[in-house]
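Structure first, commentary second.
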Amino acid sequence: MAELSEEEWRAKVMQHKAAVEELLKARKSKEALAEALRDPPYGAPEEVKLQGAKTVLYALSAFREAEIKEATEKLDEEKQNTLMKYLYKFWSQSLPSRTNAQLFVWHAALVEKAGTGSIVRVLYDCNRP
Amino acid sequence: MLASLIRRLEEPDIEVVNCHAISLDEQFLALCANAEEIYIFELVSEQYQRTDAVLAKHSQRVTGLDWSCHRRLLSVSEDRTAFVWQQDSDGKWRPSNVELKAQRAALCAAWSPDGDRFAVGLSSKDTALCYWHEEVNCWVAMKVGKAKAAITALAWHPSSQYLATGSTDRHCVVYDVSMSEEGAGPGFGTPQVTEDAGAWINDIAFSNGNVLAFTCQDATVRFKSLVDGRDAPVENIRWRGLPFLCLAFVGRTQLVACGFDYVPVLFLQRDGAWQVAGKLDLGAAVPSSGPGGVRESYDEARKRFRPTSSGKAATSEHSNTITSCCPFKDGRFSTSSLDGTVIVWELS
């Protein structure tokens, strides 16, 4: 992981956000999610990480409930683990309960695809997005 | 590939086994039932029979057991001591003293493959490497390495010149521990390879083909082929179940990992890449539910998070976490578990 300065992290996360919004406008929600989960800001200052998390949440909310399972199938192993870490991060943020409930659907689909190992990695992997 | 059960040890008064060791010729089994005493079993007509030997020199829980190729048993304990036991001509097990100089509990132990020295991983963030000192008639320790947290795993290189240590500071370090005639060799104690694993290291193993494998608490197994030098890439295999507690190579390209999932899992190296081959103990066949839509599998996933009903049939040989694993020749290995059993398996 590169050691970036705060400005470099901010710029990187903003670039990321722009790319994701672009893809969402073009209705490519699966690609948008993959882009949002790519290269998480491990090691960045907390407020930069929060911006990165907002981008992921924005990408997640573009899916209807029926599409969620298919979307998790398309993600590769690394992104599945990153998404699981983000889910737990969102739940710690006191979001409205309707959002929380939607996240549970993602959690169930992810556990089916990636197994309980992905939850273990949220707890024990020291890299936190 | 599956593994078949060769031998099973179950005693009514042994409720859990926190560590065990079987000698390389499979003749003797030593185990600790999460207490201060060590029980010795001997192989009699293909089953392990309890002998009268109860090794009771430790004053706290025994945390590590290992047999050397000369049939000496090493035991280490949380009471900061270690003993080397040898069987006398009259069948009694006699301990030799070890000057461990440990300030904290000993967590793991391993004999070098040539049987001349042994290493003890300590909670005081270093490793004690012990050799036999003729003049004082006991084993004396040299300290190796300085980690930032307790040493929880040890593995010797087959040449007995290098020692790999894994620690809860999330690093795995291989030290040069070669000795010359005068004492410690020129590079003694220098770290040769350092890997940051990102999570506590639960176990390490060296294969005969120079591959270093280590497993972490984040349910991954990582492989590094030292043939390609100290900067070789680390292959990270994520396991979909719970973390592994112990590893053992049962061949150059086969690794068995066991842990909180109650079953041993096999990893194979195919075309240079390591991958999960599968669980080695599938248990009784579970009737599969018919093909369902998205809704059905979502419900099944939710069931996982509800408390399971009692009376669920055990579907694996071990009914609790596997705590330690010892490899032998010919694709055989043994596992001990918190359900109080020790099982010897053979890969088919």
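Note that the coordinates shown come from a computational prediction; the quantities given were computed from them, not determined experimentally.
Heavy atoms only, all atoms of each residue included: B:R170 and A:C126 are closest at NE-SG, 3.6 Å. A:G117 and B:A219 make their closest contact through CA-CB, 4.3 Å (heavy atoms, listed as atom of the first residue, atom of the second, distance). Residues B:R240 and A:V111 approach most closely at NH2-O, 4.0 Å, considering heavy atoms.
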Inset, instruction - Assess whether side chain to side chain contact (heavy atoms under 4.5 Å, CB included) is satisfied between A:R121 and B:T220, documenting all intermediate values. - result: CA-CA 9 Å; A:R121 278 182 272 283; B:T220 59; 3.7 Å; yes

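No more than 12 heavy atoms of other residues, nucleotides or ligands lie within 6.0 Å of CZ in B:R104, so this atom counts as exposed by the packing criterion. At most 12 heavy atoms of other shown residues, nucleotides or ligands fall within 6.0 angstrom of atom CH2 in B:W200. For NZ of A:K54, the number of neighbouring non-hydrogen atoms (other residues, nucleotides, ligands) closer than 6.0 Å is 12 at most. Within 6.0 Å of NZ on A:K28 lie no more than 12 heavy atoms contributed by other residues, nucleotides or ligands.
For A:E70, no part sits under 4.5 Å from any heavy atom of chain B, backbone or side chain.
Put simply, the residue from A:V120, A:L123, A:T116 that forms a side-chain contact (heavy atoms from CB on, under 4.5 Å) with B:P243 is A:V120.
B:F260 pairs by the ring-ring contact (aromatic ring centres under 6.0 Å, His included) definition with nothing, not counting sequence neighbours.
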